[in-house]
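Structure first, commentary second.
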There are 2 protein chains.
Amino acid sequence: MTDDPTPRRPTLDEVAERAGVSRTAASRVLNNAPNVSRAKREAVLSAISELGYVPNPTARALATQQAGAVALIISGEDPAVLADPFYGQVIAGASTVLEETDLHLVLCLATSARGQVRVRQLLRARAVDGVMLMSLRGDDPLTSLALAAGVPAVFGGKPLHCEVPYYVDVDNVLGARQATEHLISRGRTRIATLTGPLDTEVGQARRRGYLEAMTLAGLPYRAEEGGDFTERGGVAAMEALLARHPDLDAVFAANDNMAAGALRVLHRAGRAVPAEVAVAGFDGLTVSENTEPPLTTVHQPIRNLGREMTRMLLALIAGERPSPLILPTTLVQRDST
Amino acid sequence: MTDDPTPRRPTLDEVAERAGVSRTAASRVLNNAPNVSRAKREAVLSAISELGYVPNPTARALATQQAGAVALIISGEDPAVLADPFYGQVIAGASTVLEETDLHLVLCLATSARGQVRVRQLLRARAVDGVMLMSLRGDDPLTSLALAAGVPAVFGGKPLHCEVPYYVDVDNVLGARQATEHLISRGRTRIATLTGPLDTEVGQARRRGYLEAMTLAGLPYRAEEGGDFTERGGVAAMEALLARHPDLDAVFAANDNMAAGALRVLHRAGRAVPAEVAVAGFDGLTVSENTEPPLTTVHQPIRNLGREMTRMLLALIAGERPSPLILPTTLVQRDST
DNA sequence: GTCCGGACTGGAAGCGCTTCCAGTCTGGCT
DNA sequence: AGCCAGACTGGAAGCGCTTCCAGTCCGGAC
């Protein structure tokens, strides 16, 4: 732990001098560009290791005009959004892809007023080479901001009421339809739904899938209650639903958290699951394995979502023009149906 | 959407020229440094807004030798660590503090071999102004790496077998003791524990707290099984525990996830909770509210942990020498005890 | 009227790297 | 022997900002 007060780090100039070559040549071997003789290349290489040289990323960024980082911007009402393990998966997926590049991941929570301002600055200052945006409400100013910033941007989930060129989404409509059709195939006819927030695309889409399935099956029953994707919200919504439609025999909840809440309400109300009421969720997070009974759910490949968003962003940065991507979902059947 | 192909952004030189001052003066008003006459300051300010000038963070970073970012490094066996909402809370806490500064948060998952390498590079290249490290195993090479890198570093949770100068931790020993003593106060005497991984400080500490309480109360009963902080691990451990110690009348689980697993095992085994077996957990995440029955647990201020780590890091970066911090825990009593 | 401290000012030297470009040196052909 | 493409080479000009420092200018003290 003998720290020199100023252990000034060697620069490329010093490497070049020590290797007896020009700085240009040294830079070339660093970026292994052509036109460096074998001898010089080796001289530079050994100078680098003798000096323990590490290139200064900031200087490189300034010279190349590339920040060397991309941002994941998470919008939402309050910082608690991150309590949802959903984002952890997205981040993990993004990380695995970024690991293979030399880009870093900067995480921005646009959940407070101050956070919004900082995101705006980030965008305007072009402090990153690209951004991924998640969970934008329909009217989120971030959407147009990102689009206008001139920075490569990919959206996770299509923003409501807003055409964006690049996004990765999960097939929410089809997934919800699968779940509902599954309930129908179990002989249920009075199927209600606990929707997500209807000012989000995902909330809308899952509701649409439910309606499609009901319509296609010719089932006239309709019962819905709005939730907010939290377990607490699921409890409230399920209580309301049960009060208004005591005759329901199945529930499709727009996500697992709400389904978990619904299960608790049904339990308290003495309705047997799945005997009297069947319940299906959406997400396939661990929470769905641990409910009582374990939850039938529509699994969405969240990790993969993060991965694909990142890949798309990389493509965009590389100057390509990738097409939007819709990821498939799969029904996971457990004991609640 | 009329994008000029190269909408070159204005530089400080252009601002200065337009305002009729030197670049130096312009820079001064940017950093609102003294020694700029009121007139010039205003000229610069209006030039800035007319031009829509935004300073280039990279150039500034190069000139000031400050990266303008700090990293949160999360270690662990596999990327799934992020599935734990724990980190979401830490991140949220860190964000709220960083929002007030002009630092960004870069997130590094040192969960794969490749990830480790990249963290190493990050550290060596001094690509950030400081780092926060979390969930390091005892022998994690990252610990010494970070210490040696000469970058301000604060640890979240004291690494096992390793003295580090700056860390924020939760009072795991006391918390575990509180939980165990609570079980004792409920008249339990045959209290078992589901420990966390014993190669982590937190796993050790919570076990120690359990033992302290048992010893202090003069209870000779000892029964423990090792888990890995996951619900699945909790299930396995609880099954083993029950097989080996069928007479237990309470369980202290080292975290909520494992406690949730334990509850399910007990339920399947027909042991009534809390009547026959009382269960207490540790963490206070939402999962503890949603078990059946709701879980008595030791709440740790995770968000606050993230906040305090960040504050400590900022202090460190500012040249101060903060003292380690131990955050208190509180017992949250619910229906499982 | 002279002197001096303090408020301003801007030229210029970096920060550490990339890259254009003009030039040098080969060896292979004719 | 004379030429030329192609492989190297390194000087120098940036990238956009901060900051040292040598000055200039002013009003008040003497």
Side-chain angles (χ1 to χ4, degrees), chain A residues 6-45 47-48 51-69 102 121-122 124-129, chain B residues 6-45 47-48 51-69 102 121-122 124-129:
Chain A
T6 312
R8 217 181 45 63
R9 309 174 53 213
T11 70
L12 192 52
D13 277 299
E14 292 164 348
V15 170
E17 184 179 359
R18 172 154 194 148
V21 305
S22 73
R23 186 195 342 180
T24 307
S27 174
R28 284 211 185 90
V29 357
L30 228 52
N31 303 290
N32 52 68
N35 295 346
V36 183
S37 66
R38 190 184 164 76
K40 299 220 171 201
R41 166 160 277 126
E42 279 170 1
V44 171
L45 251 22
I48 285 178
L51 257 35
Y53 169 78
V54 182
N56 179 324
T58 306
R60 186 189 299 240
L62 181 59
T64 60
Q65 302 281 59
Q66 303 193 330
D102 49 2
Q121 289 174 350
L122 182 87
R124 299 211 324 152
R126 261 195 183 49
V128 290
D129 296 320
Chain B
T6 313
R8 217 179 48 61
R9 309 174 51 212
T11 70
L12 192 53
D13 277 300
E14 293 165 346
V15 170
E17 184 180 0
R18 172 154 194 146
V21 305
S22 71
R23 187 196 341 182
T24 307
S27 174
R28 285 212 184 87
V29 358
L30 228 50
N31 303 289
N32 50 66
N35 295 345
V36 183
S37 66
R38 188 185 166 79
K40 299 220 170 200
R41 165 160 277 126
E42 278 170 2
V44 171
L45 253 22
I48 285 178
L51 257 34
Y53 169 78
V54 182
N56 178 325
T58 305
R60 187 189 298 240
L62 182 60
T64 60
Q65 302 282 60
Q66 303 194 328
D102 49 3
Q121 289 173 351
L122 181 88
R124 299 212 324 153
R126 262 196 181 49
V128 291
D129 296 321

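First the proteins, then the strands, lettered A, B, ... as listed; each starts at 1.
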Query raised in the report: Pick from B/Thr11, B/Val15, B/Leu30: which one makes a side-chain contact (heavy atoms from CB on, under 4.5 Å) with B/Pro55?
Result: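 The residue from B/Thr11, B/Val15, B/Leu30 that satisfies side-chain contact (heavy atoms from CB on, under 4.5 Å) with B/Pro55 turns out to be B/Leu30.
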Query raised in the report: the helix from C/dG1-D/dC30 to C/dT30-D/dA1: angle between its terminal axes, five pairs each, to 10°?
Result: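 Roughly 60° between the end axes, to the nearest 10°.
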Those residues that, when tested against [X], pass side chain to side chain contact (heavy atoms under 4.5 Å, CB included) (two or more places apart):
X: A/Gln66; value: A/Thr64, A/Asp129
X: B/Ala61; value: A/Thr58
X: B/Gln121; value: B/Val117, B/Arg118
X: A/Ala63; value: none

**Report entry** Test item: B/Arg9 side-chain N/O and A/Arg124 main-chain N/O as donor-acceptor pair under 3.5 Å
**Finding:** yes
Query raised in the report: Which pairs count as salt bridge (Lys or Arg N to Asp or Glu O under 4.0 Å) when at least one residue sits in residues 14-32 of chain A, sequence neighbours excluded?
Result: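 Those involving residues 14-32 of chain A are A/Arg8-A/Glu14, A/Asp13-A/Arg23, A/Arg18-A/Glu50.
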Query - Listed once per pair and sorted, the salt bridge (Lys or Arg N to Asp or Glu O under 4.0 Å) pairs that draw on residues 55-68 of chain A, sequence neighbours left out - result: none
Give me the residues of [range] where at least one heavy atom lies under 4.0 Å from an atom of DNA chain C, by number, or none.
range: residues 36-45 of chain B; answer: B/Val36, B/Ser37, B/Lys40
range: residues 54-63 of chain B; answer: B/Leu62, B/Ala63
range: residues 23-35 of chain A; answer: A/Arg23, A/Thr24, A/Ser27, A/Arg28, A/Asn31

In residues 35-44 of chain A, what donor-acceptor pairs under 3.5 Å come from side-chain atoms, sequence neighbours left out?
| unit_1 | atom_1 | unit_2 | atom_2 | d |
| --- | --- | --- | --- | --- |
| A/Ser37 | OG | A/Lys40 | N | 3.3 |
| A/Arg41 | NH2 | A/Ala33 | O | 3.0 |

Quick one: closest heavy-atom pair of [X] and [Y], and the distance?
X: A/Pro10; Y: A/Leu51; result: CG-O, 3.6 Å
X: A/Asn31; Y: A/Ser27; result: ND2-O, 2.8 Å
X: B/Ala67; Y: B/Ala127; result: CB-O, 3.2 Å

**Report entry** Range on DNA chain C touched by chain A - first to last nucleotide, heavy-atom distance under 4.0 Å
**Finding:**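 Range of nucleotides within reach of chain A: C/dG16 to C/dC21.
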Query raised in the report: Rounded to the nearest 0.5 Å, how far does CG of B/Asp102 lie from CG of A/Leu122?
Result: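 Spacing of CG (A/Leu122) from CG (B/Asp102) equals 12.5 Å.
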